Amino acid sequence: METVFRIESPRIIAAVARLVRDVGIAEELAQDALVAALEQWPRDGVPDNPGAWLMATARHRAVDLIRRRENYARKLQEIGRTLETTAPPEEPSAPDDIDDDLLRLVFTTCHPVLSPEARTALTLRLLGGLTTPEIARAFLAPEPTIAQRIVRAKRTLATKNVAFEVPYGPDREARLGSVLDVIYLIFNEGYAATAGDDWLRPSLCEDALRLARLLSGLMPKEPEVHALASLLEFQASRSAARTAPNGDPVLLKDQNRRRWNRLLIARGITALGRADAVATGAPGPYALQAAIAACHAHAYTYDETDWPTIATLYGLLATRSPSPVVELNRAVAVSMAQGPAPALEIVDTLATEPALRDYHLLPSVRGDLLLRLGRTTEAKAEFTRAASLTRNERERQLLLRRAAEAS
């Protein structure tokens with residue numbers, strides 16, 4: 001039941017928000033549908049199509065809510081009666097409109113009335129189905145901060161009467177950066193889950209990839225849109241090789257690249273070509289990341305990887321979009337291109353970064369570098385610390401195994 005709800009809740013929230021025009025209320029109605037399922041499914045059995053059952057229940061509750069709104073009683077009662085038997089009426093569409101409730105939800109929750117941090121957190125909550133702790137991990141921020149951010153964001157959208165729509169022209173362009181960031185973060189949560197028993201959450205990857213493809217069709221002259229689609233195609237191409245038959249993570253160097261999806265790689269190359277074709281200036285952050293992913297995709301073995309180029313691209317990315325996480329990734333590339341010693345110097349400069357204080361990949365990377373330098377006792381301590389910081393059980397077991405092997 002939990003799995004079904006996590007998969008279906010974004011679509012339910014998006015569809016109901018289109019009716020009630022309030023994302024906070026839409027989320028509550030989706031949760032009401034889950035409560036109804038908890039009451040009825042154990043007694044009556046799980047329906048053949050649980051997602052459709054949840055959607056219908058949430059829509060019926062939305063209709064009931066519409067009927068109860070006193071200020072629009074007569075008109076909305078009529079709408080409610082119609083909605084019970086027919087699909088929602090089609091809205092007038094412009095030539096470049098998108099008839100996709102999930103994408104409407106992304107653009108709505110990325111409205112400029114919200115801060116960039118609030119936009120991303122709220123969309124991850126509603127569209128990605130992430131919990132507050134998972135979003136906090138994605139932001140490297142305290143959980144209470146994220147919880148308050150989400151509550152205030154929903155309240156702001158309601159009090160400002162923000163329309164549930166995909167905007168046009170300059171308004172759409174103004175929200176584009178936040179939309180791209182949100183889609184990328186949703187994909188990342190599916191690609192390497194921050195918590196839980198599973199390493200991958202394929203449904204999140206699929207939703208993010210579908211949204212990126214839709215957006216590239218909507219905005220064909222935006223290079224970063226194509227670049228994000230390219231990046232996600234490349235990343236998604238590795239999914240089948242990233243876990244063992246028992247679900248355990250498989251590190252990049254150990255992956256069977258014959259299991260990489262060559263069709264998705266070809267799509268990634270095509271999308272990157274489109275980004276290059278419409279670019280007019282220096283490459284953006286998603287173009288640089290897509291170029292890095294392309295380097296991995298072009299290597300048929302781990303040893304053939306063009307690590308010097310990847311290290312250079314990470315250096316450009318660190319200049320274009322500086323962050324401690326980018327710098328940590330650059331250190332990994334430098335370790336492969338130049339050796340573990342210079343990379344360890346980079347990692348050690350990140351030890352005092354507040355944002356990385358509880359970030360498990362920092363001690364994980366440091367442990368790997370120390371192991372390659374023969375400093376096994378220190379490496380074991382770093383892997384053990386990394387295992388204590390991650391909330392993903394599969395990743396914890398992997399790190400504990402690495403700690404044991406370093407002994």
Side-chain angles (χ1 to χ4, degrees), residues 1-2 4-44 47 49-92 98-111 113-114 118-119 121-132 147-167 207:
M1 192 176 294
E2 179 185 1
V4 170
F5 187 71
R6 294 197 73 158
I7 293 172
E8 298 296 338
S9 64
R11 297 177 180 84
I12 296 170
I13 292 170
V16 174
R18 190 172 186 177
L19 300 179
V20 300
R21 304 288 170 170
D22 186 307
V23 295
I25 293 176
E27 185 183 22
E28 292 175 4
L29 292 172
Q31 292 170 348
D32 285 348
L34 175 62
V35 172
L38 290 170
E39 294 173 348
Q40 296 183 39
W41 291 4
R43 182 187 68 232
D44 303 334
N49 190 334
W53 190 98
L54 289 168
M55 177 71 79
T57 301
R59 283 172 56 85
H60 287 153
R61 289 172 187 258
V63 170
D64 291 340
L65 176 65
I66 290 171
R67 283 175 164 172
R68 290 197 301 268
R69 288 179 173 171
E70 295 180 355
N71 292 340
Y72 304 95
R74 183 177 301 173
K75 178 180 178 181
L76 294 181
Q77 283 174 4
E78 182 60 33
I79 292 174
R81 283 193 295 272
T82 303
L83 285 172
E84 285 188 337
T85 56
T86 63
E90 294 293 331
E91 296 182 359
I98 293 182
D99 185 20
D100 187 280
D101 284 338
L102 285 174
L103 203 55
R104 282 178 198 269
L105 181 58
V106 176
F107 272 98
T108 300
T109 54
C110 287
H111 196 281
V113 297
L114 304 178
R119 298 173 203 169
L122 180 59
T123 310
L124 288 173
R125 179 76 180 91
L126 299 180
L127 184 77
L130 275 64
T131 64
T132 299
Q148 292 176 2
R149 194 176 291 170
I150 292 171
V151 170
R152 290 170 182 167
K154 288 190 286 190
R155 185 184 303 129
T156 299
L157 290 177
T159 56
K160 297 291 185 180
N161 294 318
V162 172
F164 185 67
E165 64 181 5
V166 177
D207 273 344

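Worth saying up front: this structure is predicted, and the values here are computed from it rather than measured.
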Within this structure, what is the [atom1]-[atom2] distance for the pair [X] and [Y], rounded to the nearest 0.5 Å?
X     : Y     : atom1 : atom2 : value
Glu8  : Met55 : CD    : CE    : 7.0 Å
Ile12 : Asp32 : CD1   : CG    : 11.5 Å
Leu29 : Ile13 : CG    : CD1   : 10.0 Å

- List for me each residue that meets side-chain contact (heavy atoms from CB on, under 4.5 Å) alongside Thr57, sequence neighbours excluded, and say none if there are none. Ala33, Ala36, Trp53, Arg61
- With sequence neighbours left out, write down each residue that passes side-chain contact (heavy atoms from CB on, under 4.5 Å) with Ala17, or none if nothing qualifies. Val23, Ala26, Phe164
- Task: Please check if the side chain of Arg21 supplies one atom and the backbone of Ala163 the other of a donor-acceptor pair under 3.5 Å.
- Result: no
- Message: Test your reading of the model: is there a side-chain donor-acceptor pair from Thr108 to the backbone of Glu165, 3.5 Å cut-off?
- Response: yes
- Message: Could you tell me if the side chain of Pro10 sits less than 4.5 Å from the side chain of Leu105, heavy atoms only?
- Response: no
Contacts under 3.5 angstrom, residues 149-162 side chains, donor-acceptor by atom type, not counting sequence neighbours:
| unit_1 | atom_1 | unit_2 | atom_2 | d |
| --- | --- | --- | --- | --- |
| Lys154 | NZ | Glu27 | OE1 | 2.6 |
| Thr156 | OG1 | Arg152 | O | 2.8 |
| Thr159 | OG1 | Arg155 | O | 3.0 |
| Thr159 | OG1 | Thr156 | O | 3.2 |

Can you name the nearest heavy-atom pair linking [X] to [Y], along with the distance?
X      : Y      : result
Ala37  : Leu54  : CB-CD2, 3.9 Å
Leu114 : Thr109 : CD1-O, 3.4 Å
Thr132 : Ala147 : CG2-N, 3.9 Å

- Item | ring pair (Phe, Tyr, Trp, His ring centres under 6.0 Å): pairs with one or both residues in residues 16-39, sequence neighbours excluded | none
